[in-house]
Number of protein chains: 2
Amino acid sequence: MDEATVLIVDDEGAIRDMLRMALEIADFRCIEAENIHDAFTLVVDERPDLVLLDWMLPGGSGLEMLRRIKRNEATRDLPVIMLTAKTAEDNVIQGLDVGADDYITKPFAPRELIARVRALLRRSGIGQPNERMQVSELVLDGESKRVLIGDNSVEMGPTEFRLLQFFMSHPERAYTRSQLLDQVWGANVYVEERTVDVHIRRLRKSLQSPHGDYSNLIQTVRGTGYRFSARGLG
Amino acid sequence: MDEATVLIVDDEGAIRDMLRMALEIADFRCIEAENIHDAFTLVVDERPDLVLLDWMLPGGSGLEMLRRIKRNEATRDLPVIMLTAKTAEDNVIQGLDVGADDYITKPFAPRELIARVRALLRRSGIGQPNERMQVSELVLDGESKRVLIGDNSVEMGPTEFRLLQFFMSHPERAYTRSQLLDQVWGANVYVEERTVDVHIRRLRKSLQSPHGDYSNLIQTVRGTGYRFSARGLG
DNA sequence: TGAAATTGTGACAATAAAGTTACAACCCCC
DNA sequence: GGGGGTTGTAACTTTATTGTCACAATTTCA
């Protein structure tokens, strides 16, 4: 299902093993490198979908590797998650500055790692291309970033758009506010969970137009969160 | 509380960690013990759905533990997977003889472990995490957090949902109110036992719809508690 | 049969969760 | 630097859920 390839860059064999194990259970393919040189070769040769990059590496720091990836036109869009040892705030800021897409501090729960990898891949559009999705007369076009009801354009903010896009590509499934924040906002942002409620409200409002009311496609699941379901029609 | 619980019995912390990691990524709940005594206490108190049992243990071998489980009426049906160090044919035969339901030899691929755990749980009639479960026309979908009778959605509160989910994953077995509180409400919650009765009532009420009456799938076991049984049909 | 134990049931207040609104901060573009 | 749109949050309102009780109904067993 997933089958995305993840490049693990870490000099400690034990950590690589652990990462590999966690990722393989979650159905990712893994390739490994223990230094920057090998890592860069693999990035070019194997075209991984995501890189897990340790901060501390022999022969050049992880930061250096990150710079190389983000400086190179061909690899700029490759998502990178930094692994930082302690809660080294400075590192994190520096990393995000250079363009890391997410970071995770060791030690971390494997499930959190998996969640972030999945979220980042999704956010990067891997496996979920900008397709056109449709439920009845409601159309979301990922290319033009527009939503239509019938032939009439529907106005909404970027966040509402991403929220709707996520929902439409994952229908019939209940998500917690926390999951939605991870998937739609991104794993490393801190916003209140109740903020989701407000955006849900805005989205629902947008889905009510003179040409059709699709607001109840988005259903609240009390005690859990929200769900997008085509059953909401009729 | 929708996941199945797995008890890990192994004296090596590193192995326990690895097992826990693998299982948690696959959405199982884990509890651990490093010796037979603790293990047996946990079997009684926490009622795991499956046991991963190392062959070599201090204070009595894994085989001894296995015997105790299979000799005891109350735990006889608890599925057990033995972990054997080498490819010791004798051990395996001996283990299966005493009643182990499956075995796996170290070292093993995490995915194989998960596969066997899933297979065994399925064979034992225990529901998988977020699985879709069905009895006749009654459908509970853990992903969408919805209950359907036929094609019609059934309304119920979150607690009733979890209760039904637990029952459907553990059918044909009577639970005391106390056990239900542990499993459905959570281990460290204090509520009156009679509260269970009220929620049972609410659940039964929800299972009566114009499109089908499934209320007597939930049976009262006088002097004990309640049981979910597909025999309640017809 | 009748008392005791156990379970069913409806009502209720307290609480928790979600809906809604307003607002200040922000961002970008002109 | 100003204006329009967007965003996150707090505060307030509304609604649903929860636990408990009191009492009714049922079962058990002497």
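Numbered from 1 within each chain, the chains take letters A, B, ... in sequence-line order.
One can place CZ of A:Phe161 at 13 Å from P of D:dT7, the figure rounded to the nearest angstrom. Rounded to an integer number of Å, the gap from B:Leu181 CG to D:dG19 C1' is 11 Å. Spacing between atom OH of B:Tyr190 and atom C1' of D:dT18 amounts to 15 Å, rounded to whole angstrom units. Whole-Å rounding puts the B:Leu180 CG to C:dT7 C1' distance at 15 Å. We find that CD1 of B:Ile218 is positioned 15 Å from P of C:dT7, with the value rounded to whole Å. Across the protein-nucleic acid pair, B:Glu193 atom CD and D:dC21 atom P stand 14 Å apart, rounded to whole Å.
For B:Tyr226, a side-chain nitrogen or oxygen approaches OP1 or OP2 of C:dG8 to under 4.0 Å. An OP1 or OP2 oxygen of D:dT18 is reached within less than 4.0 angstrom by no side-chain nitrogen or oxygen of B:Trp185.
Of the residues in residues 196-208 of chain A, those placing a heavy atom less than 4.0 Å from an atom of DNA chain C are A:Asp197, A:Val198, A:Arg201, A:Arg202, A:Arg204, in numerical order.
At a threshold of 4.0 Å, the pair B:Lys205-B:Glu160 does not count as salt-bridged, since none of the basic side-chain nitrogens sits closer than that to a carboxylate oxygen. A:Arg194 and A:Asp197 are joined by a salt bridge, as a carboxylate oxygen and a charged side-chain nitrogen come within less than 4.0 angstrom of each other. Under 4.0 Å is where a charged nitrogen must lie from a carboxylate oxygen, and between A:Asp213 and A:Arg204 no such pair does. Remark: A:Arg116 engages A:Glu112 in a salt bridge, criterion side-chain N to carboxylate O under 4.0 Å. Taking a cutoff of 4.0 Å between a charged side-chain nitrogen and a carboxylate oxygen, B:Arg227 and B:Glu172 do not qualify as a salt bridge. Salt bridge status for B:Arg122 with B:Glu131: present, with a side-chain N to carboxylate O gap under 4.0 Å.
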Under 3.5 Å, which N/O atoms of the protein pair with N/O atoms of nucleotides 13-17 of chain C?
unit_1	atom_1	unit_2	atom_2	d
C:dA17	N3	A:Arg222	NH2	3.4

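At a cut-off of 3.5 angstrom, counting only N and O atoms as typed in the model, there is no donor on one side facing an acceptor on the other between the side-chain of A:Arg194 and the base of D:dA10.
Among the heavy atoms of the strands lying under 4.0 Å from B:Glu160 are primed sugar atoms or P, OP1, OP2 only; no base atom is included. Residue A:Thr220 is classed as a sugar-phosphate contact, given heavy-atom separations below 4.0 Å to backbone atoms only.
A side-chain N or O of B:Arg146 and one of A:Ser229 form a donor-acceptor pair less than 3.5 Å apart.
When side chains are defined from C-beta on, A:Leu233 counts as touching A:Tyr214, because their heavy atoms get closer than 4.5 Å.
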Let me have the donor-acceptor pairs involving side chains of residues 43-52 of chain B, under 3.5 Å, with sequence neighbours excluded, atom names and distances please.
unit_1	atom_1	unit_2	atom_2	d
B:Asp49	OD1	B:His170	NE2	2.5
B:Asp49	OD2	B:Thr5	N	2.8

